[in-house]
Peer 1: 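First, the structure itself, so that you have it in front of you.
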Amino acid sequence: NLKPSVEAPTHYASFESNGVLSHIVERYADGHFNVVAIRPAYATEEKALELWAIAEDSAPVSLGLLPEKGSSQLEAPSTIKTIKGSLTLAVSVEPAGGSPTGAPTGPVVNSAKLIPRAGGNSFSF
């Protein structure tokens with residue numbers, strides 16, 4: 001029996017491309033991320049956009065590919081799930097299927113800090 005989640009995100013970030021909102025990222029208490037594509041840019045048949053989490057004084061850790069449309073849920077590695085402090089998210093352009101090395105190989109085209117979501121009224125994107 002799957003119950004719909006009514007849990008609100010604990011943190012969020014948004015990415016823009018040429019002044020247009022491209023993706024919204026929400027982080028939840030259990031550590032997973034939900035990514036909503038608004039108006040993505042850069043992705044082509046040969047290239048993909050990959051999302052990276054960067055903790056203070058740590059190397060980037062891949063969270064997965066950004067969706068080209070709709071939304072996707074990304075499971076964060078345990079090293080990211082346990083971080084309570086500030087996280088920076090970055091987006092790099094990678095070969096289709098993602099980075100072949102486990103680290104960003106293409107240009108970083110966007111970055112944003114995860115912002116704590118204020119309590120109170122619920123909202124969704």
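When reading the values below, keep in mind they use all heavy atoms of this one structure, side chains included, and skip hydrogens, waters and symmetry mates.
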Peer 1: Quick one: pull up OG in Ser72 and CG in Leu65 and give me the separation to the nearest 0.5 Å.
Peer 2: 8.5 Å

Peer 1: Partners of Thr88 by side chain to side chain donor-acceptor pair (under 3.5 Å), sequence neighbours excluded?
Peer 2: Lys113

Peer 1: Report yes if the side chains of Leu89 and Leu114 come closer than 4.5 Å at any heavy-atom pair, otherwise no.
Peer 2: yes

Peer 1: Just so I know, are the side chains of His23 and Leu49 near enough to count as touching, which here means a heavy-atom distance under 4.5 Å?
Peer 2: yes

Peer 1: In Å, rounded to the nearest 0.5 Å, how long is the span from OG of Ser71 to CD1 of Ile24?
Peer 2: 11.0 Å

Peer 1: With Ser99, which residues qualify under side chain to side chain donor-acceptor pair (under 3.5 Å), at least two apart?
Peer 2: Thr101

Peer 1: Who pairs with Ser14 by side chain to side chain donor-acceptor pair (under 3.5 Å), at least two apart in sequence or on another chain?
Peer 2: none

Peer 1: Using the salt bridge (Lys or Arg N to Asp or Glu O under 4.0 Å) criterion, which residues pair with Lys81? Sequence neighbours excluded.
Peer 2: Glu75

Peer 1: What residues form a side chain to side chain donor-acceptor pair (under 3.5 Å) with Ser78, not counting sequence neighbours?
Peer 2: none

Peer 1: Quick one: side-chain contact (heavy atoms from CB on, under 4.5 Å) partners of Pro104, sequence neighbours excluded?
Peer 2: Trp52, Pro60, Ser92, Glu94

Peer 1: Looking at every non-hydrogen atom in both residues, tell me the closest pair between Ala48 and Gly97 and how far apart they are.
Peer 2: CB-N, 4.4 Å

Peer 1: Please enumerate all residues that pass side-chain contact (heavy atoms from CB on, under 4.5 Å) together with Ser58, with sequence neighbours excluded.
Peer 2: Ala55

Peer 1: Checking Pro77 now: which residues fulfil side-chain contact (heavy atoms from CB on, under 4.5 Å) with it, not counting sequence neighbours?
Peer 2: Val61, Leu63, Thr79, Ile80

Peer 1: Rounded to the nearest 0.5 Å, how far does CZ of Arg39 lie from CD of Glu16?
Peer 2: 12.5 Å

Peer 1: Who are the side-chain contact (heavy atoms from CB on, under 4.5 Å) partners of Ala29, not counting sequence neighbours?
Peer 2: Glu7, Thr10

Peer 1: To the nearest 0.5 Å, tell me how far Asn34 CG sits from Tyr12 OH.
Peer 2: 15.5 Å

